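Some notes on the structure that comes next.
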Amino acid sequence: MKAASLPPRLKCILLLLPSCGQSSSFPFKLPPPPPPPPLLRLLVRSRPYSLTVTATATPTGSASESCNMLNTTEYHNATSNSSPSSITIIDEFTRFCYQRDLPRAMKALDSIQNRNVWAVPVTYSELLKCCLSRGAVHQARLVQKHLFSRGHQPETFLVNILLNMYVKFNLLDEAQALFDQMPHRNVVSWTTMIAAYTTAMLNDKALEFLILMLRDGIRPNMFTYSSVLRACQGLLNLRQLHSSIIKTGLDSDVFVRSALIDIYSKWGEPRNALHVFDEMVTGDSIVWNSIIGGFAQNTDGDEALNLFKRMKQAGFMADQATLTSVLRACTGLALLELGRQVHVHVIKFKQDLILNNALLDMYCKCGSLEDANSTFTRMLDKDVISWSTMITGLAQNGFSRAALELFESMKASGTKPSYITIVGVLFACSHAGLVEDGQYYFRSMKTCFGIDPGREHYGCMVDLLGRAGKLDEAVKLIHEMKDEPDAVTWRTLLGACRVHRNTDLAIYSAKKILSLEPNNAGTYILLSNIYANSQRWEDVAEVRMAMRDRGVRKEPGCSWIEVNKQIHAFILGDNSHPQIVAISMKLKQLIWRLKELGYVPQTDFVLQDLEGEQKEDSLSYHSEKLAIVFGMMSLQKEGTIRIRKNLRICGDCHVFAKLVANIERRNIVIRDPIRYHHFSNEGCSCGDYW
DNA sequence: CTAGGGTTAG
């Protein structure tokens, strides 16, 4: 046994409950012996008996007389019977508790209980800690019974330990019952309950307890706030809590601060989180991780990477959590090269599951399935998330068959698929036009895996049926949904309508989307294009008017490409790129070459009211075209050109990319907000459907 | 005796 686990003060004091009805408070006041040096502690442990007797034999104060007498009597009786004395039993009990010998300690507890004697409170706390670490609920309950036996009221801190234990064992009702019967509750008792309800995601309950606590006159401390913050129900709530934290000055606590940062981020206000962060005088790496994670999760990868830089400058080391967030930022920004650099650091942390999952996702989302695959293969531990990530990654990048095969391996491995896994599987089916497989998985998900189909599953099925041209069935399915169909669902149907040229249903879906998302410019433009295609100019004008009235602005198309650790952004109508002249020239030449091979620019995709030449010109400056040309100019001849863009790729750029990939014999990967396009000389992985 | 950071879909 380690010396460190010995009690700081080895007080093997015998506590005898006076049968004369005296109060249970122990009358002896022993000056705490100074903590012995490690070597001495070992000595002390080996001779606890003599220590005990000395201690109990030197009572102070007159009130102790009777106790002492009882004490002594008990001692003599015990010795004359040649059975172990109460002193010995308590001593043994104490020793077993500190040695974490649970079975023996429990046996000793039994004897103690029978003899109506008590050990000092700290001993019980040792025993309870032992129960906690072993998950010994039953034993803990016996300890509780003992502590409350014969009308005895245990110290509040002991009850707090018990409370915490029930909470950790997920026995909230039992914790609550114990809390209810406590005569005195301190901050710790309240905070334990609040933290319990927060963890159980019973946010109302947690907040209610905060109020009850305040009513009871107990002032929250930093522990309380850092727990209760996670339970807040919205920004209003959060601001109230924040201001009371400031009033009490507890905002200087790093725990409270990181909780504030997390919660502001969670409620979509990373700027406020940054404010809280920047006000901090001294922080630690966890607070850095909080703020970096906050931006990474709020799809502001740029700021996350900025902060990561600042973190390093401030001299903090990146750990697993930091790198996970950094990878997530790379994922969002499609920064494959930076992600690769992070990978080098990931290797330092041996097999961290979450970190590996983030790495895997980064490679998938950056379109490098080779790297994703090797990462996946090298992972020793895989959980549902690893499998789901890889399945979805394969499916999104156009490898549907491989995705479905991997799903079979997953089932064979014994990992239970989750809701999200099935989304990936159905996505794979819809992507590859595997109607029957998709319907099979959709129908059997409930019976095979106990997962109720949700919105996303219906969405995949709408896509599946829609692609196959079964628009009626798709609509029927939407009506069968338990949840209200959301904009994503209608957008899926709209996509199918465009491909199969069902104008009426397209207009119907577009209107549905607009009613759900009145500020999405893309939908207005889509609707206006549909009208334009069927020459309904009045309707086009009406849509334009509605857009103007509601102040909806179209986000300019933007494409990003990473070259030499730098990100080059091309924005429609922006000529600030230093090489823009050369790029434009090269693009013109390329278009010329393509035209000779039969390329006809598809002017339907121009959204402005332009005509002829002009129309074509504006089209040729779509940001992805510029990015492709820039990639050809600045990347190695063989290298894949990887582009990320903010809007869906238009049909003309799609044809363009396909042709370029073909004549230039190089792979082009374009990731738009929801689909991946891998262009090679065999065409596009999306199968020309998106 | 009570508290903080990271991963998969759309």
Side-chain angles (χ1 to χ4, degrees), chain A residues 121-122 124-125 128-129 132 154-165 167-168 186-196 198-199 220-230 250 253-263 265 283-294 296-297 318-329 331 349 352-362 364-365 382-393 395-396 417-427 454-460 463 486-489 491-492 673-674:
Chain A
V122 269
Y124 297 110
S125 77
L128 288 172
K129 277 184 220 158
L132 177 62
E155 281 71 5
T156 304
F157 89 94
L158 280 181
V159 187
N160 287 342
I161 298 174
L162 272 165
L163 267 186
N164 181 245
M165 177 153 2
V167 171
K168 294 280 144 67
N186 61 19
V187 215
V188 180
S189 330
W190 284 100
T191 303
T192 304
M193 291 312 290
I194 288 174
T198 309
T199 316
N221 63 15
M222 50 274 251
F223 289 82
T224 322
Y225 279 121
S226 72
S227 289
V228 82
L229 272 170
R230 290 189 295 147
L250 290 169
D253 183 76
V254 266
F255 284 74
V256 173
R257 211 170 267 270
S258 67
L260 277 169
I261 291 169
D262 284 339
I263 300 309
S265 304
D284 58 15
S285 58
I286 293 186
V287 192
W288 278 102
N289 289 344
S290 291
I291 190 70
I292 293 172
Q297 285 153 38
D319 66 5
Q320 290 99 313
T322 325
L323 294 186
T324 305
S325 292
V326 171
L327 281 172
R328 183 164 171 161
T331 306
F349 300 99
D352 183 301
L353 182 58
I354 297 179
L355 184 51
N356 273 323
N357 284 344
L359 183 69
L360 180 64
D361 191 42
M362 185 277 293
C364 287
K365 297 265 163 49
K382 297 182 182 76
D383 64 357
V384 219
I385 295 183
S386 328
W387 289 98
S388 309
T389 304
M390 193 68 217
I391 290 171
T392 307
Q396 284 175 324
S418 70
Y419 185 99
I420 295 176
T421 318
I422 309 294
V423 174
V425 170
L426 294 178
F427 186 86
R455 211 176 252 152
E456 292 84 356
H457 302 110
Y458 277 96
C460 290
D463 192 50
D486 62 355
V488 179
T489 317
R491 223 191 304 279
T492 309
I674 57 173

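Source: prediction; values computed, not measured. Order of the sequence lines sets the chain letters (A, B, ...), proteins ahead of strands, with each chain counted from 1.
At a cut-off of 3.5 angstrom, the base of B/dG4 holds at least one donor-acceptor pair with the side chain of A/D284. In this model, no side-chain donor or acceptor of A/S227 finds a partner on the base of B/dA3 within 3.5 Å.
Counting only heavy atoms from C-beta outward, the side chains of A/L163 and A/S189 approach each other to under 4.5 Å. For the pair A/L323/A/F349, a side-chain contact is recorded, criterion being any heavy-atom separation below 4.5 Å from C-beta on.
The residue A/E155 sits apart from the nucleic acid: no heavy atom pair falls under 4.0 Å. Among the atoms of the strands shown, base atoms are found under 4.0 Å from some heavy atom of A/S258. Contact annotation for A/V254: base contact, defined as any heavy-atom pair under 4.0 Å involving a base atom. A/I420 comes within 4.0 angstrom of a base, heavy atoms only. At a threshold of 4.0 angstrom between heavy atoms, the contacts of A/V287 include nucleobase atoms, whether or not backbone atoms are also involved. In this structure, A/F427 reaches the sugar-phosphate backbone alone: every heavy-atom distance under 4.0 Å involves primed, P, OP1 or OP2 atoms, never a base. Counting any heavy atom pair closer than 4.0 Å across all strands shown, A/R230 reaches sugar-phosphate atoms only and no base atom.
With sequence neighbours left out, A/R328 forms a salt bridge (charged side-chain N to carboxylate O under 4.0 Å, His left out) with no residue at all. With sequence neighbours left out, A/I385 forms a side chain to side chain contact (heavy atoms under 4.5 Å, CB included) with A/N357, A/D383, A/T389. Residues meeting the salt bridge (charged side-chain N to carboxylate O under 4.0 Å, His left out) test with A/K168, sequence neighbours left out: none. In terms of the salt bridge (charged side-chain N to carboxylate O under 4.0 Å, His left out) criterion, residue partners of A/D361 (sequence neighbours excluded) are, by chain and number, A/K365. Every ring-ring contact (aromatic ring centres under 6.0 Å, His included) that A/Y124 has, sequence neighbours left out, goes to A/F93, A/H146.
Atom CH2 in A/W190 sits roughly 18 Å away from atom P in B/dA3 (whole-Å rounding). In this structure, A/Y124 atom OH and B/dC1 atom C1' are separated by 17 Å, rounded to whole Å. Between A/M193 atom CE and B/dC1 atom P there is a gap of 19 Å when expressed in whole angstrom units. In this structure, A/Y458 places its OH atom 22 Å from P of B/dA9, rounding to the nearest Å. Rounded to whole Å, the distance from CG on A/L158 to C1' on B/dT2 is 15 Å. Going from atom CG of A/D319 over to atom C1' of B/dT7 covers 15 Å, rounded to whole Å. Atom CD1 of A/I391 and atom P of B/dA9 are 13 Å apart (whole Å). With rounding to whole Å, A/L327 atom CG is found 11 Å from B/dT8 atom P.
The shortest distance between the side-chain N/O atoms of A/Q297 and the OP1/OP2 oxygens of B/dT7 is below 4.0 Å. For the OP1/OP2 pair of B/dT7 and a distance below 4.0 Å, the side-chain nitrogens and oxygens of A/Q320 include no atom meeting the criterion. Regarding contacts with the backbone of B/dT7, a side-chain N or O of A/R328 is found under 4.0 angstrom from either OP1 or OP2. Phosphate proximity of B/dT7 to A/K382: absent, as no side-chain N or O sits under 4.0 Å from OP1 or OP2.
The shortest heavy-atom contact between A/R455 and A/T489 is CG-OG1, 4.1 Å.
Across residues 352-361 of chain A, A/D352, A/I354, A/L355, A/N357, A/D361 each have a non-hydrogen atom less than 4.0 Å from an atom of DNA chain B (numbered order).
Relative to the side chain of A/T389, the nucleotides B/dG6, B/dT2, B/dT8 differ in distance, and B/dT8 lies closest. Which of B/dT8, B/dA9, B/dT7 sits closest to the side chain of A/Q396 comes down to B/dA9. Each of B/dT2, B/dA9, B/dC1 was ranked by its minimum atom distance to the side chain of A/N160; first place goes to B/dC1. Looking at the side chain of A/E456, the nearest of the listed nucleotides B/dA3, B/dT8, B/dA9 is B/dA9. Comparing atom distances between the A/N186 side chain and each of B/dA3, B/dC1, B/dT8 picks out B/dC1 as nearest. The A/K168 side chain lies nearest to B/dA3 when the options are B/dC1, B/dA3, B/dG6.
The aromatic ring of A/F223 sits over the base of B/dT2, with ring centres less than 5.5 Å apart and planes inclined by under 30°.
Remark: side-chain polar atoms of A/S125 are paired, donor with acceptor, to backbone N or O of A/V122 under 3.5 angstrom.
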